[in-house]
Engineer: 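The structure is given below, and queries will be raised subsequently.
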Amino acid sequence: MHYLLLIVGFILLIKGADFFVEGSSSIAKMLKIPSMIVGLTIVAMGTSAPEAAVSISATMSGSNDMAVGNIVGSCILNLMLIAGICAVVKPISVDKSILKSDFPVSILAAVLLLIVCIGNNLIVTRIEGIIIFLLFAAYIVFTVVRALRYRKNAVNTDEIRTLSLPKTIIFTILGAAAIVCGGQMTVESAKSIASSLGVSEHLIGLTVVALGTSLPELVTSIVASRKGESDMALGNVIGSNIFNILFILGMTAAIKPVKVDIFSVYDSAVLVGMSIMVFIFAFTRKRLGRLEGSLMLLTYSVYTGYIIVR
């Protein structure tokens with residue numbers, strides 16, 4: 001029953017995110033907001049909504065290990081597994097703007113995660129959460145300003161499907177409700193599974209829950225890569241990691257201080273190392289080829305084996 005509830009929770013999270021993005025995008029179209037801005041804000045937040053729902057629900061229910069484990073696990077999975085699969089499917093050409101701004105920001109966000117995990121007796125305080133969230137807001141402002149500067153390259157808003165007003169309201173509300181319910185269901189069922197298997201909630205958060213909440217990014221990136229939009233695939237991964245750390249950790253800690261397990265410190269350090277490794281791969285040749293993708297997948301497999309043994 002717990003496994004069934006976990007699957008139902010994942011379905012609610014993913015479909016809820018789809019509904020929320022479609023409803024929110026329709027509202028943006030009605031308000032004549034450019035689609036690039038919608039993609040960089042509403043859609044990006046929508047694909048990170050499952051992680052946000054799980055981490056906030058876990059913190060509120062006292063499962064701090066799962067909250068932080070889900071954030072770190074999702075970032076590592078996005079970077080190594082999803083980007084690795086995309087590179088193996090089709091080599092990824094890396095846009096210069098990602099190397100100059102977004103990728104360095106994601107590395108700095110990972111370093112910040114490690115710093116706040118280490119400080120204050122392994123507790124991310126409410127003040128730190130607010131500061132992290134403000135950094136997220138600053139990044140969004142920077143991203144929107146940059147997007148407006150290159151607005152001539154943006155996709156026209158006519159490509160966004162406009163729903164009727166009643167449908168828009170229903171999609172947005174139902175999507176948000178499904179995300180919240182799916183998050184709570186996922187946390188409770190994952191806790192029960194961890195207990196029955198005799199493993200830590202941190203491990204479940206790093207693996208099963210991280211994979212389930214990263215499904216939107218996985219599907220989006222693989223589809224984009226197969227269609228030849230490889231830069232979009234990498235951009236989705238990098239953007240999601242920035243959202244996961246700055247938005248989700250900031251929001252979670254601002255609501256309630258988060259106690260961090262010592263293993264989260266180790267995993268955060270691993271995330272920093274992996275981020276630098278992939279950045280070097282991307283920077284040296286301005287692309288991620290099948291060799292680099294294979295090395296990323298191998299590294300992720302070794303890391304997964306390590307945390308299971310640990």
Side-chain angles (χ1 to χ4, degrees), residues 21 28 33-48 51-52 71-72 74-80 82-84 86-87 91-116 131-155 214 216-217 220-221 224-225 228-251 268-269 271-289 292-293 296:
V21 167
I33 297 174
S35 60
M36 188 196 299
I37 307 301
V38 176
L40 289 168
T41 54
I42 295 172
V43 175
M45 291 175 71
T47 56
S48 292
E51 286 94 336
I71 292 173
V72 179
S74 293
C75 288
I76 291 175
L77 189 145
N78 286 344
L79 187 65
M80 305 305 288
I82 296 178
C86 290
I92 300 174
S93 299
V94 183
D95 190 89
K96 287 183 180 179
S97 64
I98 292 179
L99 289 174
K100 286 182 178 179
S101 55
D102 301 288
F103 215 141
V105 169
S106 72
I107 294 175
L108 290 174
V111 172
L112 179 62
L113 173 64
L114 177 60
I115 291 172
V116 296
I131 292 172
I132 293 171
F133 187 79
L134 289 176
L135 289 174
F136 165 75
Y139 171 74
I140 287 297
V141 171
F142 164 75
T143 302
V144 170
V145 170
R146 184 182 61 177
L148 290 174
R149 189 179 303 164
Y150 298 101
R151 189 172 177 178
K152 62 181 179 180
N153 297 322
V155 179
S214 293
E217 287 93 341
T220 300
S221 294
S225 183
E229 301 288 348
S230 56
D231 54 341
M232 182 185 297
L234 184 62
N236 179 48
V237 166
I238 300 302
S240 292
N241 280 8
I242 294 171
F243 272 82
N244 285 346
I245 297 173
L246 298 184
F247 174 70
I248 298 175
L249 181 63
M251 177 70 74
S268 298
L271 174 61
V272 173
M274 288 179 172
S275 298
I276 294 173
M277 182 184 83
V278 177
F279 179 75
I280 292 173
F281 283 167
F283 186 80
T284 51
R285 297 173 59 191
K286 303 299 184 291
R287 69 196 290 271
L288 291 174
E292 290 87 350
M296 290 158 66

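Residue numbers start at 1 and run along the sequence shown.
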Engineer: With rounding to the nearest 0.5 Å, note down the distance linking CD1 in I71 to CD1 in I76.
Structural biologist: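 I71 atom CD1 to I76 atom CD1 measures 12.0 Å (nearest 0.5 Å).
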
Engineer: For the atom pair CG (L108) and CG (L135), what is the distance rounded to the nearest 0.5 Å?
Structural biologist: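 The CG atom of L135 is 10.0 Å from CG of L108, to the nearest 0.5 Å.
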
Engineer: So does S106 get a backbone contact from the side chain of N241, meaning a donor-acceptor N/O pair under 3.5 Å?
Structural biologist: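 Checked: no pair found.
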
Engineer: Would a 4.5 Å heavy-atom cut-off, applied to side chains only, mark V278 and M80 as touching?
Structural biologist: yes

Engineer: Which word best sums up how the rings of F103 and F279 line up, parallel for under 30°, tilted for 30 to 60°, or perpendicular for over 60°?
Structural biologist: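 If you compare the ring of F103 with that of F279, the planes turn out perpendicular.
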
Engineer: I need the I131 CD1 to L112 CG distance, nearest 0.5 Å.
Structural biologist: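 Nearest 0.5 Å value for the CD1-CG distance: 9.0 Å.
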
Engineer: Quick one: side-chain hydrogen bond (donor to acceptor under 3.5 Å, both in side chains) pairs with a partner in residues 273-288, sequence neighbours left out?
Structural biologist: R285-E292

Engineer: Compare every heavy atom of V111 with every heavy atom of V272, then report the nearest pair and how far apart it is.
Structural biologist: CG2-N, 3.8 Å

Engineer: How long is the gap from CG on L79 to CG on L271, to the nearest 0.5 Å?
Structural biologist: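 Interatomic distance, L79 CG to L271 CG, rounded to 0.5 Å: 7.0 Å.
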
Engineer: Report the distance from atom CD1 of I245 to atom CD1 of I132, rounding to the nearest 0.5 Å.
Structural biologist: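 Here the rounded value is 9.0 Å.
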
Engineer: Please report the shortest heavy-atom distance between G289 and P91, naming the atom on each side.
Structural biologist: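 Heavy atoms of G289 and P91 come nearest at CA-CB, 4.1 Å.
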
Engineer: According to side-chain contact (heavy atoms from CB on, under 4.5 Å), who are the partners of S268, at least two apart in sequence or on a separate chain?
Structural biologist: V72, L113, L114, C117

Engineer: Not counting sequence neighbours, which residues clear ring-ring contact (aromatic ring centres under 6.0 Å, His included) with Y139? List them please.
Structural biologist: none

Engineer: Please lay out, stage by stage, how L249 and N244 fare under the test side-chain contact (heavy atoms from CB on, under 4.5 Å).
Structural biologist: CA-CA 7 Å; L249 181 63; N244 285 346; over 6 Å; no

Engineer: What closest approach, in Å, do C86 and I92 show between heavy atoms, and which atom pair accounts for it?
Structural biologist: CB-CD1, 3.8 Å

Engineer: Just do the side-chain contact (heavy atoms from CB on, under 4.5 Å) check on F281 and M296 with the steps written out, would you?
Structural biologist: CA-CA 10 Å; F281 283 167; M296 290 158 66; 4.3 Å; yes

